[in-house]
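A quick note: this is a predicted structure, and the numbers were derived from the prediction, not measured.
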Amino acid sequence: KAIRRQRQMCIRDRLEELQSKEDRRLLHQLLARELTPREADVLRRRYGLDGHLPQTQRQVAAHYGISRSYVSRIEKKALHKLEEALRDRR
């Protein structure tokens, strides 16, 4: 479980450190191809992508009318999907 948490932190760090246009383009492609619209939107809101300001899980939960813990599960699942997609690209 600790290894999985560490991998999730790595992908989170990568999301927060996107600098180049190429990185952002790749991220947009992965969000569209690998995630459901809700999963992609949760990550956009949580990490401040596409012009959004970063939001807390509670703020995202309020937007969707769901619990904070459910937002957390959506976020973790989406990060795992992105991690798998990035691993497959190597």
Side-chain angles (χ1 to χ4, degrees):
K1 197 168 191 174
I3 293 172
R4 179 177 228 164
R5 186 173 298 140
Q6 185 178 21
R7 278 189 269 148
Q8 287 177 341
M9 291 304 295
C10 290
I11 192 82
R12 286 180 181 156
D13 291 343
R14 288 177 76 179
L15 284 175
E16 292 171 353
E17 294 175 358
L18 290 173
Q19 298 296 321
S20 74
K21 285 184 177 183
E22 184 177 322
D23 289 341
R24 288 190 298 269
R25 185 181 44 191
L26 173 60
L27 177 62
H28 288 283
Q29 290 172 351
L30 290 173
L31 289 174
R33 187 175 55 230
E34 303 294 332
L35 305 180
T36 67
R38 180 182 260 189
E39 290 168 340
D41 190 53
V42 165
L43 291 187
R44 284 185 189 100
R45 290 174 182 278
R46 287 286 291 131
Y47 295 97
L49 307 173
D50 294 346
H52 289 281
L53 292 174
Q55 296 179 350
T56 65
Q57 288 179 342
R58 290 193 193 287
Q59 290 171 316
V60 176
H63 172 79
Y64 279 108
I66 58 178
S67 70
R68 187 217 47 86
S69 63
Y70 190 50
V71 169
S72 178
R73 288 189 297 250
I74 293 170
E75 182 180 352
K76 286 177 186 175
K77 182 179 178 182
L79 290 172
H80 179 73
K81 284 181 176 182
L82 288 180
E83 179 184 344
E84 292 292 317
L86 287 170
R87 187 178 306 128
D88 290 346
R89 289 180 53 86
R90 292 181 193 168

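One distance of note links NZ of K77 with CD1 of I74; it measures 8.5 Å at 0.5 Å rounding. Remark: R68 CZ to R73 CZ distance equals 9.0 Å, nearest 0.5 Å. Once rounded to the nearest 0.5 Å, the distance linking CZ of R33 with NZ of K81 reads 13.0 Å. Atoms CG and CG, from L82 and L27 in turn, are 6.5 Å apart once rounded to the nearest 0.5 Å. One finds the CD atom of E34 at 8.0 Å from the CG atom of D88 (value rounded to the nearest 0.5 Å). To the nearest 0.5 Å, the span separating CD on E84 from CG on L30 amounts to 12.5 Å.
Take Q55 and apply the side-chain contact (heavy atoms from CB on, under 4.5 Å) test, not counting sequence neighbours, and it matches R45, Q59, V60.
Between A78 and E39 the shortest heavy-atom distance is CB-CB, 3.9 Å.
In the hydrophobic clustering of this structure, Y47 does not group with V71; members are Ile, Leu, Val, Met, Phe, Trp, Tyr whose side-chain heavy atoms approach within less than 4.5 Å, directly or through other members. Linking ILVMFWY residues whenever their side-chain heavy atoms come closer than 4.5 Å, directly or via other members, places L79 and L26 in the same cluster.
At most 12 non-hydrogen atoms from other residues, nucleotides or ligands lie less than 6.0 angstrom from CZ of R58.
No side-chain heavy atom of Y70 sits under 4.5 Å from any side-chain heavy atom of V42.
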